[in-house]
Amino acid sequence: MQFKILPIKENRKLNSRYFVLKVPDKSISAQSQPGQFCEIKDLESDEPLLPRPFSIYKVEENTISFLIKIVGETTRNLSQKKTAEMISILGPLGNGFKIPKNKSVLLISGGIGYAPFPFLKNKLQKNGNEIQWLHGGKDKYDIFSYDITNYTEDGSIGKKGLVTDDMPFILGKNDIHTVFACGPNQMLKKVSEICEFYKVELQVSMETIMACGMGVCCGCIIKYAENGEVIYKKACKDGPVFDGRKVVWDE
Amino acid sequence: MQFKILPIKENRKLNSRYFVLKVPDKSISAQSQPGQFCEIKDLESDEPLLPRPFSIYKVEENTISFLIKIVGETTRNLSQKKTAEMISILGPLGNGFKIPKNKSVLLISGGIGYAPFPFLKNKLQKNGNEIQWLHGGKDKYDIFSYDITNYTEDGSIGKKGLVTDDMPFILGKNDIHTVFACGPNQMLKKVSEICEFYKVELQVSMETIMACGMGVCCGCIIKYAENGEVIYKKACKDGPVFDGRKVVWDE
Amino acid sequence: MSNLEIQIGGMKWKNPVTVASGTFGYEYDELFDLSQLGALVTKTITLNPKKGNEPCRLAETRAGLLNSIGLQNPGVEEFITEKLIKYDKYKTNLVVSISGSTIDEFCQIADKLNPYDNIDAYEINISCPNVEKEGLAFGVEAEVVRELIAKLRATTDKDIIVKLTPNVTKIEEIARAAAESGADIISLINTVLGLAVDIETKASRIKNGIAGYSGPAIKPIALQNVFRVAQAVDIPIIGMGGICNTEDALEFLMVGASAVAMGTANFSNPLITLDIIKGLEMYLGKNNTNLREIIGSFKLQ
Amino acid sequence: MSNLEIQIGGMKWKNPVTVASGTFGYEYDELFDLSQLGALVTKTITLNPKKGNEPCRLAETRAGLLNSIGLQNPGVEEFITEKLIKYDKYKTNLVVSISGSTIDEFCQIADKLNPYDNIDAYEINISCPNVEKEGLAFGVEAEVVRELIAKLRATTDKDIIVKLTPNVTKIEEIARAAAESGADIISLINTVLGLAVDIETKASRIKNGIAGYSGPAIKPIALQNVFRVAQAVDIPIIGMGGICNTEDALEFLMVGASAVAMGTANFSNPLITLDIIKGLEMYLGKNNTNLREIIGSFKLQ
Ligand SMILES: Cc1cc2nc3c(=O)[nH]c(=O)nc-3n(C[C@H](O)[C@H](O)[C@H](O)COP(=O)(O)OP(=O)(O)OC[C@H]3O[C@@H](n4cnc5c(N)ncnc54)[C@H](O)[C@@H]3O)c2cc1C
Ligand SMILES: Cc1cc2nc3c(=O)[nH]c(=O)nc-3n(C[C@H](O)[C@H](O)[C@H](O)COP(=O)(O)OP(=O)(O)OC[C@H]3O[C@@H](n4cnc5c(N)ncnc54)[C@H](O)[C@@H]3O)c2cc1C
Ligand SMILES: Cc1cc2nc3c(=O)[nH]c(=O)nc-3n(C[C@H](O)[C@H](O)[C@H](O)COP(=O)(O)O)c2cc1C
Ligand SMILES: Cc1cc2nc3c(=O)[nH]c(=O)nc-3n(C[C@H](O)[C@H](O)[C@H](O)COP(=O)(O)O)c2cc1C
Ligand code: FES
Ligand code: FES
């Protein structure tokens, strides 16, 4: 884990909703695993006070990048950052995905849940896994790649429907060892029900509001069922990747 | 008095310290007198909370403008405003200068104290007054015009010294009816002592921290001596122009 | 158009939006028709004229404002002869804020104001942190509040609004004392005690020392206090403290305020009260609801 | 280089900079050598393990943070076996923050920790707003504080730091009770009670309801309280509440704190403590002064 103040190397707008922030880095990347994240703070504005967690999207030679959705103040500010403006980065944080070897795996992403998967896919491939990837969104603006199976609610691209629609079929037909999922809680809950039914391992990446990002403040709790008891896990340290079948999905 | 949300028409940088902000306006200008001011707020940032008072610098056809010195957060933000960005303006506020007729008058300005005087000079001329104007600053960056007598502390432009250095001489030699002064408190205090000695009328424009700008909150008090008693005057409503010989100059 | 009308104490307000004492006056008349507000609240008036505190009286801090005006006002006599008449033309409720340093002073002021029918209510400012001995307001003790409000109640039929300070351990006790002794309405919060240091001069940025803290920074504190008071008493509440926009106002209504007041926000935007009236109207329309459903709709857990 | 060393209670600190309980742990070790701090303060430990409150536990507001962690901690036994040893390697003072819901609980914890020599002081957290009955901390009553500290004093020679809540009418009384009953040091402020409403769900943004408010928004409140306590007692003070930079730290030292602690600011910048140590050094050098001249140099008027 490192804390660095780095200049923006590239800020690429994908559409009105998403952008990719790239910063020069070797050392954080070198330590990073898919599913880990960094806490990023815009150094030009005092507010918000807290840095914000973003999954590591891509690790390339000499750079690390983040795929970001504009939802509030920090993400709006970051979307307007220009090359050479400074941000702070704390990371890598969290546990990251466990990578199986030579298995069939299924990736399910919804919206910005796409972010940690390119890095994950890379590692999965290196470990000889066979990968299917379903991605879903509201509309075409939520679609990032044509090389995967896309679903949109409005049918503007890919199949019309939810990313979970075909999951039972796929899990029923194929010998999937692990499902990896990232996206809105509702989607994750649905995915976990399906995986529970088909008794397939599930690794989900969870989102919560965080402060320290390193397991100190106990602010980022996820409810988790273990041995018939609900316990609290720290999303930033015990997670953000959890066994999706044990996460307690409140309404 | 009006409250308006207006786009920047022009933001002209004079040097690293000063800029002129111009907005389209007819109605505030139409009501304005020299020495009056407006409260301006940058609408793009929540902070500072309070708008800031700025003297009316120039009233031209269809525009009103402000000469601003960068000293803190608001002035820094305003200095970076681009054409068409919005600010709010409340004004005109305050009493303004009393304009004599067909007299000899002396203008003394220090640094940003220059701001209210171009508008004042205009009105003074229209009323047949004969005007001498001494302006002082730390260095050449505090100098705005070569048509007046300039003093700089470092001698980089004009006479080396303080703007008050030659005042006794001028007041002793000439039949000055009124002195108008605007600048740092130390300068105003000195000016008031000289005017007191020569028994010349003195109108000073005072600066204080303000909130409402319209006489409501009682936040902007100036200490004033009247009938042997120290009373409190509201800089925003009773001022900002006061009889400089009655202002109580705390250290 | 949604109906924003509320009944609060003995008054009918055309909307639940008013102003915080000391931050608003008829001077705003030049900018808009003050009759549009649910009520007008005057700056606090005392028995005798008050010169107020030495300047500097204001200091801005992050998301907040410190002030120590020291209740500068012309005293009740001049208020009656010079100011009261200026409020006559507004077709809305008039609340006169009053303060004293003894119970008797409060009663004397009320006695002088009672004959004026255009006054609908008194706001009893027992919370200004700047003038009472030890810097603490005398509104920090429930028993004193009880005695004060009972005495005032006996002098007047006008609505009595008791304005509470947040600078106490158990605000519920003060609120209950006010309600039980005859207050019609509670308003809160007054400013929070605060201090800012000028590290150059090693002195307070406010000449008088400790000051009153207001603005967005105190909003969570205000909401917390309004909620607790709403749980403790049955009389209506006017909520304030850092309200800057319609969403803020809704938070206060939800935790139990029947009306809201803007203070510091008037300085940032002198039309903020109108903006919030419009905002509330739009919110109610859009959500197809009414004020009664909103007020107190917050559930703690 | 300026000498930042201070004597505080029975401890020597290499500089007057520490961390606020609950916001910092040995996890920061990965980022810098924690031995550089004047002292380390642990998260609050209770007798038995505490699961803490239901999420959501955090909500950011303008210039502030609301939290309701609910003192989640493994309990004193596990703290001793698992955590205490991790602090061994740091060449600085170790302060263990402890809390209980009865006086006896506090004493039991101290009894268990007393044998460990690497603990230099206890910080007695009587101010956490989240766990005590009625939402009020039991540190709001001077008599209870007096009894608690007297009992604890009898059990230990380690320094006793009493951490005060600002959510009281007269903080001086609590501070005096602590000092008179044997506290060596006072620390303040703990969080201010606050609430934020999610207007969509009409529920608290923090699941547990009323929460603790920290960050820059509370700085004027903290300064005001530190100043008042510094006037009331002679024992040293550790000041905290919204400190974000060297200037903020200087404000606290000037109003009478002998040392400062950063809480929420650690989240914005995990190296903030080092930045402030460097900043203080530079300030003292530049102004050719020393800590003794700065501490308490503020004049109220
Ligand atoms: C481990 C982790 C990895 C993440 N990875 C990415 C990523 O790769 N790309 C990306 O765009 N976003 C990611 N997020 C979500 C991202 O952190 C939030 O979108 C961001 O914090 C919003 O900040 P803001 O200031 O723009 O919005 P705010 O104004 O703070 O919030 C806007 C809305 O988002 C909600 N929100 C705020 N913070 C979070 C949070 N941490 N988790 C969930 N909801 C939140 C708020 O409640 C509010 O409704 C991740 C979150 C976590 C915990
Ligand atoms: C009637 C009046 C007319 C003015 N006319 C002009 C003008 O034409 N051009 C111009 O550049 N400035 C003018 N000023 C001063 C201007 O208002 C301040 O420079 C401005 O408020 C600083 O805001 P800021 O946020 O940039 O700085 P801040 O960060 O608020 O303050 C920076 C420094 O300036 C001091 N300061 C803040 N506000 C004031 C104030 N109102 N008066 C004096 N000192 C203050 C602060 O104490 C601090 O030391 C005028 C002030 C008044 C009262
Ligand atoms: C400049 C100023 C003057 C004030 N004067 C008074 C007053 O005279 N009487 C009073 O009861 N409250 C007074 N207050 C407190 C406000 O009425 C209000 O309770 C407080 O500011 C919190 O609201 P806000 O955050 O919206 O400003 C004053 C506040 C400010 C900022
Ligand atoms: C997330 C969080 C957890 C905290 N936990 C504790 C705690 O366990 N014990 C305690 O005494 N104070 C706790 N506090 C209070 C801080 O120690 C500190 O008193 C307060 O936050 C004010 O300082 P700040 O504004 O610098 O954060 C906590 C504060 C925060 C923000
Ligand atoms: S964010 Fe602090 S423990 Fe997870
Ligand atoms: S600024 Fe409010 S009275 Fe002058």
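Letters go in sequence order (proteins before strands), and every chain restarts at 1. Computed from a predicted model, the values in this text were never measured in an experiment.
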| said: Regarding D/Glu60 and A/Arg52, does a basic nitrogen lie under 4.0 Å from an acidic carboxylate oxygen? | reply: yes

| said: Just checking A/Lys4: does its NZ atom have more than 12 heavy atoms from other residues, nucleotides or ligands closer to it than 6.0 angstrom? | reply: yes

| note | Cut-off 4.5 Å, heavy atoms of chain A, and the answer for D/Leu58 is both

| Over 12 non-hydrogen atoms of neighbours within 6.0 angstrom of CZ in A/Phe197 | no

| query | How many angstroms lie between CZ in D/Phe267 and CE in A/Met210, if you round to the nearest 0.5 Å? | reply | 13.0 Å

| Region of D/Tyr28 that comes under 4.5 Å of a non-hydrogen atom in chain A | both

| task | Please say whether more than 12 non-hydrogen atoms of neighbouring residues, nucleotides or ligands are located less than 6.0 Å from CD in A/Glu196. | result | yes

| task | For chain A, find its close neighbours in residues 16-25 of chain D: heavy-atom separation under 4.5 Å, sorted by number, or none. | result | D/Gly22, D/Thr23, D/Phe24, D/Gly25

| Which of A/Cys220, A/Cys212, A/Cys218 touches chain D most, by non-hydrogen pairs under 4.5 Å | A/Cys218

| field | Interatomic distance, D/Asn67 atom CG to A/Cys217 atom SG [nearest 0.5 angstrom] | value | 8.0 Å

| message | Quick check on D/Lys51 against chain A: is it the side chain, the backbone, both or neither that has a heavy atom closer than 4.5 Å? | response | both

| request: Could you list the residues that satisfy side chain to side chain donor-acceptor pair (under 3.5 Å) with A/Lys237, not counting sequence neighbours? | output: none

| request: Measure the spacing between CZ of D/Arg57 and OH of A/Tyr232 and express it to the nearest 0.5 Å. | output: 6.0 Å

| query | D/Ala63 versus chain A, heavy atoms under 4.5 Å apart: side chain, backbone, both or neither? | reply | both

| field | Separation of A/Leu90 CG from D/Leu271 CG (nearest 0.5 Å) | value | 9.0 Å

| message | Report which part of A/Glu47 has an atom under 4.5 Å of a heavy atom belonging to chain D: side chain, backbone, both, or neither. | response | side chain

| field | Heavy-atom pair count under 4.5 Å with chain D, highest-scoring of A/Asp46, A/Thr208, A/Ile222, A/Val230 | value | A/Val230

| request: For D/Tyr26 and A/Val216, run side-chain contact (heavy atoms from CB on, under 4.5 Å): C-alpha distance rounded to whole Å, both residues' side-chain angles, the deciding distance at 0.1 Å, then the answer. | output: CA-CA 8 Å; D/Tyr26 46 75; A/Val216 169; over 6 Å; no

| Between atom CD1 of A/Ile221 and atom CD of D/Glu54, what is the distance when rounded to the nearest 0.5 Å? | 11.0 Å

| What heavy-atom pair brings A/Leu49 and D/Leu65 nearest, and what distance separates the two atoms? | CD1-N, 4.3 Å

| query | Are there more than 12 heavy atoms of other residues, nucleotides or ligands under 6.0 Å from atom CD1 of D/Ile85? | reply | no

| Nearest heavy-atom neighbours spanning D/Ser268 and A/Lys41 | O-CD, 3.7 Å

| query | Would you say D/Lys43 has more than 12 foreign heavy atoms packed within less than 6.0 Å of its NZ? | reply | yes

| request: Counting only heavy atoms closer than 4.5 Å, note whether D/Glu30 contacts chain A via side chain, backbone, both or neither. | output: both

| request: First locate atom CD of D/Glu27, then atom CE of A/Met214, and finally report the distance between them rounded to the nearest 0.5 Å. | output: 6.5 Å

